[in-house]
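Report on the following structure.
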Amino acid sequence: MLLRVVVGFHFYKEGTNKLQYGFSSWGFLSAAKGPFADLFKQMLDDPDGTERLCIQTKNDSVSGEEKVTVDPEFTFMIWNEFLDEATSYYGFGSTELQAELKKRRKELADDISVARDEQDKSVDTFELELLRAKYENDILKLRNQRERLEEIFKEHKAQLNDWIDLNRVELIAHFSTSDRLEGFDRDGENKEVAAIYVDSLRDQVQTIAKDRNAKLRGWTAEVTGIWDSLESQVNDLAVDDQIGDRDSYTMFRHFDQDNSFVKMIDRIIPWFDTIIGVLLILGLFTRLASLAAAIFLISVIMTQPPWIPGTAPTYFYAIELMALLVIFATCAGRLGGLDYFFSPNRKRPAMEGQV
């Protein structure tokens, strides 16, 4: 019973912390190793950053070898489509809205004039002047929206091109040599590379891998910042009458989908941990909860199998897995738990003749 409560409390705290502070499985899945590494990485959106960083692999017509290039044209197509969709969504440059705002501005001017002529103190002419000035600014903004939209597109297009020019050599070198480093980590492949089992070289490989991952995260963050800036500036073009009660328009990002498998996992796991924790603490449906938790921990351990060199430590997950299997096998919820009330042996009738 004590083991059940302790493990349940751990799951509960993990779940509530994830709900409070957010949770992402990207780092753990992207670092998956072993025979199931490809399966786990397929759950991610753009795990190696090639789509975000405009990396393309083409066959060289002369040598026949694969050649890494950096081509942002597909990104520019997505951006251009986003501008068209945002224009339709907000009605950028709408002549009808301009006419409506001009009408309101004139009505305000008339109200201000009448209030001043009649010295009507009940009318706050200062507030009306501010509102009139706002309409004037909105009209001017509406007139320039389409032109400003093109400027924003050109500015961000130039930013991405400049960023690619600055990092092109490193990008090509990074993605051209990725297979060489991965060869050290493959389980059951490239066995001739026996040096992976030499501790000193293994440490060097791990250091190189960490540096490469850090570099990749920096690149993807910088490019994502350009995407975010474009999306933000386009949405900022809209005036209040165009926004209304609607949310900001979101740009389609092929490398970051809201309904992707990994984001669904990230939404489920915090609640899964929390619910499993509550069930174990209460001793309710204990066998089902402990089995589900054990299967979950097995999947976590398989992302970093302890028998694969260079994996992150998962021994503490294995220890908790054993504890969950003990809880499952011993029906621990029937002692000091709500499962007692569902136990078929709770009211077993006495045998005939038994004292």
Side-chain angles (χ1 to χ4, degrees), residues 22 24 26 44-46 49-56 70-105 130-168 171 216-260 262-264 266-267:
S24 174
W26 193 94
L44 299 171
D45 299 322
D46 191 25
T50 53
E51 296 181 6
R52 196 174 323 208
L53 301 177
C54 311
I55 304 298
Q56 294 187 6
V70 189
D71 187 356
E73 287 305 314
F74 183 65
T75 294
F76 295 152
M77 289 174 58
I78 294 176
W79 287 3
N80 198 45
E81 185 175 353
F82 167 66
L83 298 185
D84 292 339
E85 292 172 352
T87 298
S88 175
Y89 181 75
Y90 288 117
F92 286 146
S94 170
T95 54
E96 292 82 3
L97 183 55
Q98 290 182 51
E100 173 64 23
L101 293 179
K102 288 178 181 178
K103 179 181 177 182
R104 295 183 201 172
R105 183 187 61 181
L130 291 177
L131 185 57
R132 183 173 176 273
K134 180 183 178 303
Y135 287 152
E136 184 69 38
N137 289 331
D138 287 350
I139 292 169
L140 182 61
K141 195 173 182 178
L142 280 163
R143 289 173 182 169
N144 297 324
Q145 276 178 338
R146 292 180 180 270
E147 181 180 349
R148 180 59 188 144
L149 203 64
E150 290 299 319
E151 291 176 356
I152 291 173
F153 176 68
K154 290 178 180 178
E155 290 169 2
H156 287 80
K157 186 176 179 180
Q159 286 181 30
L160 184 57
N161 278 325
D162 290 343
W163 184 89
I164 289 174
D165 290 340
L166 182 64
N167 296 281
R168 187 184 301 274
L171 287 168
L216 182 61
R217 286 194 297 269
W219 283 334
T220 54
E222 290 169 0
V223 173
T224 300
I226 299 176
W227 283 72
D228 292 342
S229 175
L230 174 67
E231 183 178 274
S232 176
Q233 290 190 34
V234 169
N235 280 287
D236 288 343
L237 281 178
V239 300
D240 290 342
D241 285 89
Q242 291 174 317
I243 298 173
D245 297 329
R246 294 180 295 185
D247 295 327
S248 297
Y249 193 72
T250 304
M251 179 166 32
F252 169 79
R253 305 189 187 199
H254 54 297
F255 53 80
D256 187 12
Q257 294 295 300
D258 290 336
N259 297 321
S260 65
V262 68
K263 289 194 174 180
M264 181 178 67
D266 291 346
R267 287 192 291 266

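Being a predicted model, the structure only gives us computed values, none of them experimental.
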field: Residues forming a side chain to side chain donor-acceptor pair (under 3.5 Å) with Thr224, sequence neighbours excluded
entry: Arg52
task: Quick one: list whatever passes salt bridge (Lys or Arg N to Asp or Glu O under 4.0 Å) with Asp162, sequence neighbours left out.
output: none
message: Testing Leu230, Val234, Leu83 one by one against Met251 for a side-chain contact (heavy atoms from CB on, under 4.5 Å), which residue passes?
response: Leu230
message: Does anything in residues 80-91 form a salt bridge (Lys or Arg N to Asp or Glu O under 4.0 Å)? List the pairs, not counting sequence neighbours.
response: none
message: Please enumerate all residues that pass ring-ring contact (aromatic ring centres under 6.0 Å, His included) together with Phe82, with sequence neighbours excluded.
response: Tyr249
task: Kindly write out the residues that satisfy salt bridge (Lys or Arg N to Asp or Glu O under 4.0 Å) with Glu155, not counting sequence neighbours, or none if the list is empty.
output: Arg148
query: With side chains defined as the heavy atoms from C-beta onward, is the minimum distance between Trp227 and Ile78 less than 4.5 Å?
result: yes
- request: Not counting sequence neighbours, which residues clear salt bridge (Lys or Arg N to Asp or Glu O under 4.0 Å) with Lys134? List them please.
  value: Asp138, Asp240
- line: Residue set satisfying side chain to side chain contact (heavy atoms under 4.5 Å, CB included) with Thr87, at least two apart, ordered chain then number -> Phe92, Arg146, Leu149
- prompt: Sequence neighbours excluded, which residues qualify as side chain to side chain donor-acceptor pair (under 3.5 Å) partners of Lys141?
  reply: none
Listed partners of Arg104 passing side chain to side chain donor-acceptor pair (under 3.5 Å), at least two apart: Glu100, Asp241
Those residues that, when tested against Gln159, pass side chain to side chain donor-acceptor pair (under 3.5 Å) (two or more places apart): none
- request: Quick one: list whatever passes side chain to side chain contact (heavy atoms under 4.5 Å, CB included) with Thr250, sequence neighbours left out.
  value: Glu231
statement: Output for pair (Ile152 CD1, Leu237 CG), nearest 0.5 Å, gives 4.0 Å
task: Not counting sequence neighbours, which residues clear salt bridge (Lys or Arg N to Asp or Glu O under 4.0 Å) with Glu51? List them please.
output: none
